[in-house]
Amino acid sequence: MRSRFTWCAVLALVLAGCTQTTSGQAQSGGAPVSGDGGAKASESAAPSTTSAAPQSSSYPSTDGVTATIATMTVRLPADTQYAVESRDPGYEGCLQSPAFACEGKILDLRAAADEGMINLPDAHRQYGWYPGTDVPTCIGPAADPGTGSEATGSTLLESGFAPVGPKKAEYARFQETCQEPAQNNQIRMWWLPQSKILVVEHASTPELDTAFDRMLASATFS
């Protein structure tokens, strides 16, 4: 798939050489809040502390509950692992469960953005959740990374701001269409433009929405 290999080159800057996974369980939290889709988020309701951040992410797993990506630490949904390298090589940063190789992604895009190697996430761009420079593949319960058909389009369903711990993220929900219609799905995106952390939920369902909302409500920042 074109998207796999182009995006692998980009993520070489982001997650080079890492193979560790972190397990966790869910914690209660809040849901996204819609807003003016044309506005840009200031990201933070409290001062950001990203200036001293390292250039690569760390992934502590001593308690098997939390994962730290760049400056953000979250409590993972039940029965998931944060995989720097997914079961299908080339799709890094996946939240994977026994049945779903990539429920979503959490990506530290600082280095890739600084190098100008990506399309910055944007609710009003085609495939705005996808920072690669090609066309994404459709990922969902019936299509693990590497097996999905190529996306054929996306429609913005809602956009605004949503809380990620103490910060505000640019938020959007898209309807994705695919070459294989059975793989059509909805995708949610949270983008922290100052921290340059991207969270994507693939193949949105009410249950997965709740799990991601709880995870992001638990977020803390260093």
Considering all heavy atoms, the nearest [X]-[Y] contact:
X	Y	value
I187	A203	CG1-N, 4.4 Å
R75	T66	CA-CG2, 4.3 Å
S204	D209	OG-OD1, 2.6 Å
F212	V200	CE2-O, 3.6 Å

How about [X] and [Y]: do any of their side-chain heavy atoms sit closer than 4.5 Å?
X	Y	result
T133	N119	yes
N184	Q175	yes
I197	K167	no
P121	M189	yes
T80	M215	no

Inset, instruction - Can you label the angle between the Y171 ring and the W190 ring as parallel, tilted or perpendicular, going by 30° and 60°? - result: tilted
Legend entry - Nearest-0.5 Å distance that lies between atom CG in N185 and atom CD in E201: 10.0 Å
Legend entry - Polar side-chain atom of T177 near backbone of G153 as donor-acceptor pair, under 3.5 Å: yes
Legend entry - Flag, side chain of S154 to backbone of Y127, donor-acceptor distance under 3.5 Å: yes
Legend entry - Set of residues satisfying salt bridge (Lys or Arg N to Asp or Glu O under 4.0 Å) with respect to E176, sequence neighbours excluded: none
